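Heads up: numbering here begins at 1 and tracks the sequence. Predicted model only: the values in this text are computed from it and were never measured.
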Amino acid sequence: MAIDIKSAESCQYDLVSLGEVMLRLDPGEGRVRTTRSFRCWEGGGEYNVARGFRRCFGKRTAIVTAFADNEVGRLVEDLILQGGVDTQFIKWRDYDGFGGAVRNGLNFTERGFGVRAAKGVSDRGHTAVSQLKVGDIDWDYIFGECGVRWFHTGGIFAALSETTAELAIEACKKAKEYGTIVSYDLNYRPSLWKSQGGQDQCQKVNREIAKYVDVMIGNEEDFTACLGFKVEGVDEENITGLTIPNFKKMIEQVLTEFPNFKATATTLRDVHTASINDWGAITWHDGEFHQATQRDRLEIMDRVGGGDSFASGLIYGFMTYNDAAKAVEYGAAHGALAMTTPGDTTMVTLPEVEKLVGGGSARVDR
């Protein structure tokens with residue numbers, strides 16, 4: 001059974017995301033602790049999906065977020081505009097001059113190499129977006145007057161504060177009222193939930209949000225930590241040893257408890273080194289599992305954002321073809337290609353994704 005997605009003609013936006021957008025400071029091939037220069041990017045788990053959907057797949061997208069109104073906030077806005085994502089739903093908060101009351105988030109991220117893992121250090125306390133609360137966003141205007149075909153948010157935004165968790169629930173409920181498809185990436189971050197009630201609160205929030213989700217995205221750790229489901233045979237300390245049959249068994253349990261899910265999807269990543277990963281993906285839809293082409297020993301330049309690029313490719317596949325087998329292939333291919341370039345956000349073109357989906361090689365294009 002196809003996912004019932006509203007027509008493009010009836011909506012101003014193909015996809016709207018709700019989430020935090022931070023300024024990523026990237027030391028390139030160096031270390032944060034020793035660098036003398038950073039390259040800057042914008043990035044955020046939920047935002048990256050909207051940007052990828054716009055830049056790679058040419059769809060109309062917008063971001064719902066908030067910034068402190070200062071030079072850093074305006075820099076992030078400029079980067080968002082360069083990505084083609086509509087900024088009309090951004091909330092601007094007065095800046096007090098030193099960031100005591102409200103500020104913008106910074107994310108220092110090393111790509112890693114070989115045996116040195118990628119490493120992120122976020123500086124996101126008291127951010128404008130973490131202070132968003134129920135009633136701040138006019139969802140009736142967004143979903144009703146503007147019209148949105150697909151809404152995306154995730155567990156990073158929900159973990160920012162008690163009020164963002166409540167806002168995520170409100171947004172998903174409103175999206176459902178207007179017939180908008182809702183996708184949610186569990187994206188478990190223990191460092192965020194630590195100050196928000198730990199894993200118990202994480203599960204309480206995510207299990208409430210899950211009631212309103214159509215397409216649930218997450219890896220085996222996400223389903224375990226956020227929803228309380230166990231995958232047989234997985235080393236919980238290192239999240240290794242995942243087998244497809246055991247993951248399928250877990251998804252069957254998930255669907256018993258959340259029959260509202262129209263599809264679920266996960267990436268399959270086995271990390272040999274920071275630069276070499278096995279990469280694949282699997283999705284469930286309409287009673288069947290579909291597995292993407294497995295790419296073992298994939299060479300990685302920058303893994304951050306690979307899962308978000310998977311999500312945007314998956315959504316494109318469902319929206320364009322309403323075919324789960326194609327959707328998971330587009331997601332896996334886009335994620336693989338996005339990890340060959342630096343930064344959180346995609347630099348990939350649709351023809352490149354289609355070439356890889358079709359079995360194309362890395363021979364030079366001239």
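With Thr164 contributing its side chain and Phe157 its backbone, the two residues share a donor-acceptor pair below 3.5 Å. Panel note: side chain Thr320, backbone Gly317; no donor-acceptor pair is recorded below 3.5 Å. Listed for the Asn219 side chain is no donor-acceptor partner under 3.5 Å among the backbone atoms of Thr266. Judged by distance alone, the side chain of Thr180 and the main-chain N or O of Val148 form a donor-acceptor pair under 3.5 Å. With Lys119 contributing its side chain and Arg31 its backbone, the two residues share no donor-acceptor pair below 3.5 Å. The backbone N or O of Ala8 lies less than 3.5 Å from a partner atom in the side chain of Arg60, making a donor-acceptor pair. Counting only distance, with no hydrogens or angles, the side chain of Arg51 and the backbone of Thr346 share a donor-acceptor pair below 3.5 Å. Remark: the backbone N or O of Val49 is not paired with any side-chain donor or acceptor of Asp308 at under 3.5 angstrom. The closest donor-acceptor contact from the side chain of Arg36 to the backbone of Thr34 lies under 3.5 Å. A donor-acceptor distance shorter than 3.5 angstrom exists from the side chain of Glu329 to the backbone of Thr293, with no hydrogens or angles considered.
Atom CG of Asp296 sits in a crowded spot, with more than 12 heavy atoms from other residues, nucleotides or ligands closer than 6.0 Å. The 12-atom threshold is exceeded at CZ of Arg93, counting heavy atoms of other residues, nucleotides or ligands nearer than 6.0 Å. Remark: His126 NE2 is loosely packed, at most 12 non-hydrogen atoms of other residues, nucleotides or ligands lying under 6.0 Å away.
Ring to ring, Phe318 and His285 are close: their centroids are under 6.0 angstrom apart. Taking the six-membered ring for Trp, Phe89 and Tyr13 have ring centres closer than 6.0 Å.
Ring-plane geometry between Tyr330 and Tyr316 is classed as tilted, the angle between the planes lying from 30 to 60 degrees on a 0 to 90 degree scale.
Annotation: the span from Lys173 atom NZ to Ile209 atom CD1 amounts to 10.5 Å, rounded to 0.5 Å.
Among the candidates His272, Arg269, Arg297, the single residue satisfying the side-chain hydrogen bond (donor to acceptor under 3.5 Å, both in side chains) test with Asp278 is His272. Among Lys355, Met347, Glu352, the single residue meeting the side chain to side chain contact (heavy atoms under 4.5 Å, CB included) criterion with Leu337 is Glu352.
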Start with the C-alpha distance between Val64 and Trp139, add both sets of side-chain angles, then the distance that settles side-chain contact (heavy atoms from CB on, under 4.5 Å), and finish with yes or no.
CA-CA 10 Å; Val64 179; Trp139 297 115; 4.1 Å; yes
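His152 and Ser17 share no donor-acceptor pair across their side chains, judged by distance under 3.5 Å alone.
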